[in-house]
Structures are given as structure tokens and as C-alpha cells.
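See structure below.
Chain letters run A, B, ... following the sequence lines, proteins first, then strands; residues in each count from 1.
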Amino acid sequence: MTAHATKAGAPQGTQERIHAVVRKIPRGRVATYGQVARLAGLPGHARQVGYAMAALGDATRVPWHRVINVQGRVSPRRAGPGAGLRQRQLLEREGVRFDGGGRVSLERYGWQPRARGR
DNA sequence: ATGCTGACTATGT
DNA sequence: TACATAGCCAGCA
């Protein structure tokens with residue numbers, strides 16, 4: 001399923017592509033914005049990944065909470081600390097542990113997709 | 001069309 | 001460790 005490319009020609013929006021990748025992140029695992037961007041075929045567009053997450057609605061089925069920054073921390077949002085706390089709760093509920101500084105060990109919970117094959 | 005804003009990351013000082 | 005800068009893209013007034 002690499003090619004959901006519609007013959008219609010409409011190149012999928014960057015955002016849609018990002019959502020597709022995030023949806024693949026397994027439960028109990030986390031991925032960084034930059035990693036998602038790279039897997040989506042958009043290396044260097046980490047920022048766009050963050051914005052794509054922000055554009056999601058509450059009824060989304062995309063596990064946006066599994067996306068954190070490269071520091072292993074939940075990125076602070078302008079919307080308020082409330083959203084960040086929710087993300088942390090969702091992750092802890094999946095078994096992801098945070099350290100005293102509110103950080104996640106990427107070495108331990110980082111998603112490591114196997115290219116080709118699995 | 002132009003300018004601003006926003007869930008990032010790497011690099012330099 | 002902290003702050004500044006540059007690169008990247010989409011949505012909206």
C-alpha cells in the first residue's frame with residue numbers, strides 16, 4: 001500500500017501523508033516529529049508534522065499523542081498546558097513511562113519501524 | 001499576491 | 001545549558 005496515489009493526479013497533501021504515518025505508530029511506542037516527517041518522505045519537514053497534528057480534530061483516529069519532539073518531551077503548545085497534560089496521560093496509559101523531567105526515553109520507547117519486511 | 005503564525009530540528013555562539 | 005538563526009510548508013486575513 002504504498003501507492004494510494006489516486007490516478008486523478010492530485011498529489012496528496014503533505015498533511016494527509018503525515019497522518020498516514022502517524023497512524024502506523026504502534027501502541028506503547030512514540031516517534032519524533034522529525035522521524036515522522038522522514039517516514040512520510042518529507043525529510044526536514046518536522047515542523048510541518050507538528051502543524052499537521054495541530055490541525056487534527058478531536059474526532060480524529062490519528063494517535064497524535066505518540067508524536068513527541070526529539071528531546072523525548074511533549075512539545076509545549078500555545079493552546080495551553082492542558083493539551084500537553086492530556087498527551088502525557090494517553091501515553092502513560094499505553095505503558096510509556098516519563099522520568100522526573102517529564103521526558104520519555106526514546107531509546108526505550110522510540111518506534112523503530114523496519115524498512116521492507118517487518 | 002503578501003505577511004503572519006504555528007505541536008520542530010540542527011547548528012553556532 | 002540557554003538563546004539566536006535558518007530551513008520548510010499550510011492556512012488565513
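Atoms CD (A:Q71) and C1' (B:dA7) sit 13 Å apart, rounded to a whole Å. Computed from coordinates, the A:L106 CG to B:dC8 P distance equals 15 Å when rounded to whole Å. Distance, A:N69 CG to B:dG6 C1': 15 Å, rounded to whole Å. Rounded to an integer number of Å, the gap from CD of A:E16 to P of C:dA10 is 13 Å. Atoms CZ (A:R38) and P (B:dA10) sit 12 Å apart, rounded to a whole Å. Distance, A:R73 CZ to C:dA2 P: 12 Å, rounded to whole Å.
If you find the closest nucleotide of DNA chain B to A:G34 and to A:R78, the one lying nearer the 5' end belongs to A:R78.
Pairing each heavy atom of A:V96 with each of A:R29, the nearest pair is CG2-N, 4.5 Å. A:M53 and A:V22 get closest at one heavy-atom pair: CE-CG2, 3.7 Å.
Looking at residues 45-66 of chain A, you'll see A:A46, A:R47, A:Q48, A:G50, A:Y51, A:M53, A:A54, A:W64 sit with a heavy atom under 4.0 Å from some atom of DNA chain B.
OP1 and OP2 of C:dC9 both lie 4.0 Å or more from every side-chain N or O belonging to A:T14.
Counting heavy atoms of neighbouring residues, nucleotides and ligands inside a 6.0 Å radius, atom CZ of A:R88 exceeds 12 of them. Within 6.0 Å of the CZ atom in A:R77, the count of heavy atoms belonging to other residues, nucleotides or ligands exceeds 12.
Taking the side chain as every heavy atom from C-beta outward, A:R23 and A:R61 approach each other to under 4.5 Å. For the pair A:I18/A:V62, no side-chain contact is recorded, criterion being any heavy-atom separation below 4.5 Å from C-beta on.
A:Q15 comes within 4.0 angstrom of no nucleic acid atom, judged by non-hydrogen atoms across all strands.
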